[in-house]
Amino acid sequence: MAEGTSTKKKWLSAIRFYLTAIAILVACFSSFAFLFLVPFVIDPAFSTLFAEFVDEPTTCTTESSEFKLGMSNCSWSSCREGCTREIFQCTQIYVSYTMAEEATPRTNISLYPNVKGCGYPPEVNCTMFDEKYSTPGTTFPCYYSALMPDIALTDLNLEKVKMDLIYAIAVPWSLFMVSILYLLITYAGMSRPDPKMDEAVEVKSLKGASKVTSTNSLKSLARSVHQGNKSRSNLDEKGAVRAARGTSATRDPHTRPPQPMEHLPPISIRTSTGTDPFRRTAKGTTDDDDAVKNDSDLLLEPANLQQVHSRRVLPPLERAPTSRTLGGGDALPVAS
């Protein structure tokens, strides 16, 4: 059941898409067609209807015709193929006719195949038009206008003009309005909130977000592992280099490696008092006695006990008593 529903939704979405595309194309082409028909059909039809041409034709006689060259000389032409191009050569045909309510004929009237004096084959063929109506004295039926009596038409079909006008306006506008109406109805219906669709979209977005999060976590984990492996390999390389340097160096196994010198506080010299056990009791004349003056002993001790290194505290240093300081024949005590 669920598969049938999803298939139906897919078909409906596809049909809606193609109908929307067709509606947009129809709206565009109908608007372009209307703009194209304005100068060629709609404007001439309105001009013909508003000019109030007679329904029954009268008799026209060709008075003269002139063939001219140059744009300045061709201010108008009895017939031209193409209503938008410039005129560089023209044929101007003049006729005369008599109106029904007038006894005097009108002369020097411009002759046209239609109200605009232009057209396209096969309806309007200017070569045949000129050959047929340019000869002086030629008589033929023509239509004159009550509002513009200075022009005459060789052919007039008011019913056809009206039908062309209706088709030129109704068909493009009908197609355009139907297309726009379909688009409005379709997208107005699509803009309504659909709880099921919103729930499906929310679930899909949550799945996408969780997938992105897991992907980022895996990437960060892989990056950390790669950095750890790289650091471990660098440490192994450094250890191998150090081991190679240590084995290549020659050392004496009986030689004690030099020990680092520990920081010792500065030593000051002070004079011992009478309570010191190693007080000097005899005087001599040697160099050792010269070093001691005023019957005093020299004691060595740290200048400041607080400056002793925190890892090792040394006791106060005192000068070892000599045989002269202990007395003539006393021997030095032997350490047990």
Side-chain angles (χ1 to χ4, degrees), residues 21-58 60 62 65 67-68 71 74-95 97 99 106 109-134 140-184:
I22 293 172
I24 293 173
L25 292 176
V26 169
C28 294
F29 283 115
S30 61
S31 60
F32 291 150
F34 178 78
L35 295 177
F36 178 79
L37 292 173
V38 165
F40 297 106
V41 177
I42 298 176
D43 186 32
F46 276 115
S47 300
T48 302
L49 294 176
F50 293 155
E52 297 182 2
F53 284 92
V54 295
D55 296 334
E56 297 295 331
T58 188
C60 290
T62 303
S65 64
F67 179 77
K68 297 180 180 180
M71 186 181 298
C74 295
S75 59
W76 66 278
S77 177
S78 293
C79 182
R80 56 175 176 155
E81 293 181 359
C83 298
T84 57
R85 69 176 186 174
E86 299 292 337
I87 304 173
F88 295 96
Q89 60 182 9
C90 59
T91 300
Q92 298 176 353
I93 302 174
Y94 297 93
V95 299
Y97 67 88
M99 299 179 66
R106 290 180 175 268
I109 305 300
S110 300
L111 183 65
Y112 296 100
N114 51 47
V115 73
K116 292 295 183 180
C118 61
Y120 298 91
E123 290 186 1
V124 176
N125 191 331
C126 292
T127 303
M128 296 179 63
F129 181 85
D130 295 339
E131 292 178 356
K132 184 177 181 180
Y133 302 107
S134 63
F140 51 89
C142 63
Y143 300 86
Y144 62 90
S145 171
L147 297 179
M148 296 183 294
D150 55 343
I151 64 173
L153 303 182
T154 59
D155 187 15
L156 179 62
N157 189 349
L158 292 178
E159 295 297 329
K160 183 177 181 300
V161 170
K162 293 178 181 178
M163 294 304 296
D164 292 343
L165 180 61
I166 292 173
Y167 290 147
I169 295 177
V171 173
W173 273 99
S174 299
L175 294 175
F176 182 80
M177 293 303 295
V178 169
S179 302
I180 296 299
L181 185 62
Y182 169 78
L183 293 175
L184 291 175

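Closest non-hydrogen pair, Pro39 versus Pro44, comes out as O-CD, 3.6 Å. Residue Ser31 comes nearest to Cys28 through the heavy atom pair OG-O, 2.6 Å, listed as atom of the first residue, atom of the second, then distance. Pairing each heavy atom of Lys116 with each of Asp43, the nearest pair is NZ-OD2, 3.2 Å. Taking each heavy atom of Pro113 and Thr154 in turn, the nearest pair found is CA-OG1, 3.4 Å. The shortest non-hydrogen separation linking Phe34 to Pro172 is CB-CB, 3.9 Å. For the residue pair Ala146 and Pro149, the shortest heavy atom distance occurs at O-CD, 4.2 Å.
Ring geometry for Phe29 versus Phe32: interplanar angle over 60°, hence perpendicular rather than tilted (30 to 60°). Aromatic ring orientation, Tyr133 versus Phe140: perpendicular (interplanar angle above 60°, classes split at 30° and 60°). Taking the six-membered ring where the residue is Trp, Phe40 and Phe36 present tilted rings, their angle falling between 30° and 60°.
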Please lay out, stage by stage, how Tyr143 and Phe53 fare under the test ring pair (Phe, Tyr, Trp, His ring centres under 6.0 Å). CA-CA 7 Å; Tyr143 300 86; Phe53 284 92; 7.9 Å; no

Under the side-chain contact (heavy atoms from CB on, under 4.5 Å) criterion, do Asn114 and Thr48 qualify, and how do the steps go? CA-CA 8 Å; Asn114 51 47; Thr48 302; over 6 Å; no

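Checked by atom type and distance alone, the side chain of Gln92 pairs as donor or acceptor with a backbone atom of Trp76 at under 3.5 Å. Panel note: side chain Thr62, backbone Ser134; no donor-acceptor pair is recorded below 3.5 Å. Proximity of a side-chain donor or acceptor of Thr91 to a complementary backbone N or O of Asp130 within less than 3.5 Å is not detected.
Under the 4.5 Å side-chain criterion, counting only non-hydrogen atoms from C-beta, Leu49 is in contact with Leu165. Annotation: side chain of Tyr167 is not in contact with side chain of Leu37 (no heavy-atom distance under 4.5 Å). In this structure, Cys142 and Val95 have side chains that are not in contact, with every pair of non-hydrogen atoms separated by 4.5 Å or more. Looking at Leu111 and Phe129, their side chains come closer than 4.5 Å, going by heavy atoms from C-beta outward. Here the side chains of Val124 and Arg80 are not in contact, with every heavy-atom distance at 4.5 Å or above.
Expressed to the nearest 0.5 Å, how far CD of Glu123 lies from CG of Asp155 amounts to 9.5 Å. Considering CD1 of Ile169 and OG of Ser174, their distance stands at 11.0 Å, rounded to 0.5 Å. Rounded to the nearest 0.5 angstrom, Glu56 CD and Leu156 CG are separated by 11.0 Å. To the nearest 0.5 Å, atoms OG (Ser110) and CG (Leu153) are separated by 11.0 Å. For the atom pair Gln89 CD and Cys126 SG, the distance stands at 10.5 Å (nearest 0.5 Å). Taking OG of Ser30 as the start and CG of Leu175 as the end, the distance is 6.0 Å to the nearest 0.5 Å.
Cys79 has its SG atom 2.5 Å or further from the SG atom of Cys118.
Other residues, nucleotides and ligands place more than 12 heavy atoms under 6.0 Å from the CE atom of Met99. The number of heavy-atom neighbours closer than 6.0 Å to CE of Met177, taken from other residues, nucleotides and ligands shown, is 12 or below.
Within the structure, the salt bridge (Lys or Arg N to Asp or Glu O under 4.0 Å) test picks out the following pairs touching residues 163-177 (sequence neighbours left out): Lys160-Asp164.
Residues that satisfy the side-chain contact (heavy atoms from CB on, under 4.5 Å) test with Val178, not counting sequence neighbours, are absent from this structure.
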